Amino acid sequence: MNPIEGFRLVRQKGFRLVFANFRERILFDAFNGIDTITQVSKDQFTSRPANLGHGLHYSSSWTSEIRFGFGAALKYLGSSFEDYTFIDIGCGKAKVQIAWEQLLRKRGLIQNVLGIDYYDALLGDANSNYQKVLGKDGHFIHADASEVDYPAISTKLIAYLYNPFDGVILARLSEALRPCSVVLIYNNPEHADVLLRSDFQIVTEKPGFHPQGTTIVYARASNKTI
Ligand SMILES: C[S@@+](CC[C@H](N)C(=O)[O-])C[C@H]1O[C@@H](n2cnc3c(N)ncnc32)[C@H](O)[C@@H]1O
């Protein structure tokens, strides 16, 4: 590729990203009257969770990735979809839970919807966003994702991850989820190799022009039913 072609490609990708940001983030907030788009870097955290070094900063998922994950989980689970509890692991300001609840309501479906984050200040924003849009308190757990007793929540889980942490925590999470039947939606799947090594099978995937627009959906049966 010559330098002029290279420059054109960068410019084209840059425009695509600006447009994607508008369509995938700004519109959601504008439509719902909330702020999930403002990023929170780890330097801005006023408390220091133990695994902060393994975690990523806060930024919100693209709306179409949440919709893709919802559609894929619904198709895969069929009539047992409502038996599963949905958890956004590393939920930040609750965009994913809000969008998921809206998708459930649109289809007349009922499901338990939870969020987990290790940074408590984000959970304050999460609940006020949730209240504002859905008119009720959301269910949020303040904990490290690798230390939650998942089977005590439910043995049937749909877990959503927007690349919240590195492979070390993902591997621990994967072990913590072993007793559960899991559909796992992994957006920006930077450490996908960890899941494949721990027996998750790919259900479907959606490649994108940008890592934020790339999602892989996995499933793994509970080790209690094998
Ligand atoms: C990229 S943001 C994703 C936010 C949200 N899921 C979304 O898609 O809009 C990652 C989030 O994971 C949280 N996080 C990172 N490591 C964590 C851990 N070990 N346990 C719980 N939350 C964690 C961060 O605080 C941050 O809010």
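None of these values were measured; they are calculated from a predicted model. Counting starts at 1 for both ligands and their atoms, in listed order. Numbers here simply count residues along the sequence, with the first being 1.
At least one heavy atom of Cys91 sits closer than 4.0 Å to an atom of ligand 1. Not a single heavy atom of Pro49 sits under 4.0 Å from any atom of ligand 1. The closest approach between any non-hydrogen atom of His57 and ligand 1 is below 4.0 Å.
Residue Asp144 has at least one heavy-atom neighbour below 4.0 Å for each of these atoms of ligand 1: 19 (N), 20 (N). The atoms of ligand 1 that sit less than 4.0 Å from any heavy atom of Gly92 are 27 (O). Counting the atoms of ligand 1 from 1 in the order shown, those under 4.0 Å from a heavy atom of Ser59 are 1 (C), 2 (S), 3 (C), 4 (C), 7 (C), 9 (O). Within ligand 1, the atoms closer than 4.0 Å to a non-hydrogen atom of Val96 are 7 (C), 8 (O), 9 (O), numbered from 1 in the order shown. Under a 4.0 Å criterion applied to the non-hydrogen atoms of Leu122, ligand 1 contributes the atoms 25 (O), 27 (O). Annotation for ligand 1: atoms under 4.0 Å from non-hydrogen atoms of Asp88 are 5 (C), 6 (N). If you number the atoms of ligand 1 from 1 as listed, the ones under 4.0 Å from a heavy atom of Ser60 come out as 9 (O). Residue contact check: Pro164 has heavy atoms under 4.0 Å from atoms 10 (C), 12 (O), 15 (C), 16 (N) of ligand 1.
Using a 4.0 Å cut-off between heavy atoms, Tyr162 contacts ligand 1 through both its backbone and its side chain.
In terms of polar-atom proximity, defined here as any N/O pair under 3.5 Å, Ile89 makes no such contact with ligand 1. Between Ile116 and ligand 1, not a single N/O pair is under 3.5 Å apart. Where the criterion is an N or O separation shorter than 3.5 Å, residue side chain and backbone included, Ser61 meets it with respect to ligand 1. By the 3.5 Å distance cut-off applied to N or O atoms, Tyr118 is counted among the residues near ligand 1.
Under the 4.5 Å side-chain heavy-atom criterion for grouping Ile, Leu, Val, Met, Phe, Trp and Tyr, Phe31 is not connected to Trp62 through any hydrophobic cluster. No single ILVMFWY cluster, assembled from side-chain heavy atoms under 4.5 Å apart, contains both Ile66 and Tyr218.
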Side-chain donor-acceptor distances from residues 72-93 under 3.5 Å, at least two apart:
unit_1: Ser80; atom_1: OG; unit_2: Leu77; atom_2: O; d: 2.9
unit_1: Glu82; atom_1: OE2; unit_2: Ile110; atom_2: N; d: 2.8
unit_1: Lys93; atom_1: NZ; unit_2: Thr38; atom_2: O; d: 2.9

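The protein atom (non-hydrogen) at minimum distance from atom 27 (O) of ligand 1 is Asp117 OD2, 2.7 Å. In this structure, the protein non-hydrogen atom closest to atom 20 (N) of ligand 1 is Ala145 N, 2.9 Å.
More than 12 heavy atoms of other shown residues, nucleotides or ligands fall within 6.0 angstrom of atom CZ in Arg107.
Pairs passing the side chain to side chain donor-acceptor pair (under 3.5 Å) check and including a residue from residues 165-180, sequence neighbours excluded, read His54-Asp166, Ser174-Ser198, Ser174-Arg220, Glu175-Arg178, Arg178-Asp199.
Between Leu109 and Leu103, every side-chain heavy-atom pair lies at or beyond the 4.5 Å cut-off. Inter-residue side-chain proximity for Glu101 and Lys136 is flagged as met; some heavy-atom pair is nearer than 4.5 Å.
Here atom 4 (C) of ligand 1 lies nearest to Gly90 when heavy atoms of Ala126, Gly90, Ala143 are compared.
Considering every non-hydrogen atom in both Pro179 and Asn223, the closest pair reads CA-OD1, 3.4 Å.
Not a single donor-acceptor pair under 3.5 Å links the side chain of His191 to the backbone N or O of Leu170.
Comment: Asp29 does not engage Arg25 in a salt bridge, judged by the lack of any side-chain N to carboxylate O separation of less than 4.0 angstrom.
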- Task: Check the pair Glu65, Gln212 against side chain to side chain contact (heavy atoms under 4.5 Å, CB included), reporting the backbone distance first and the verdict last.
- Result: CA-CA 8 Å; Glu65 304 308 301; Gln212 287 166 59; over 6 Å; no
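Tested against Tyr119, the residues Phe45, Tyr58, Phe140 include a single ring pair (Phe, Tyr, Trp, His ring centres under 6.0 Å) partner, Phe45.
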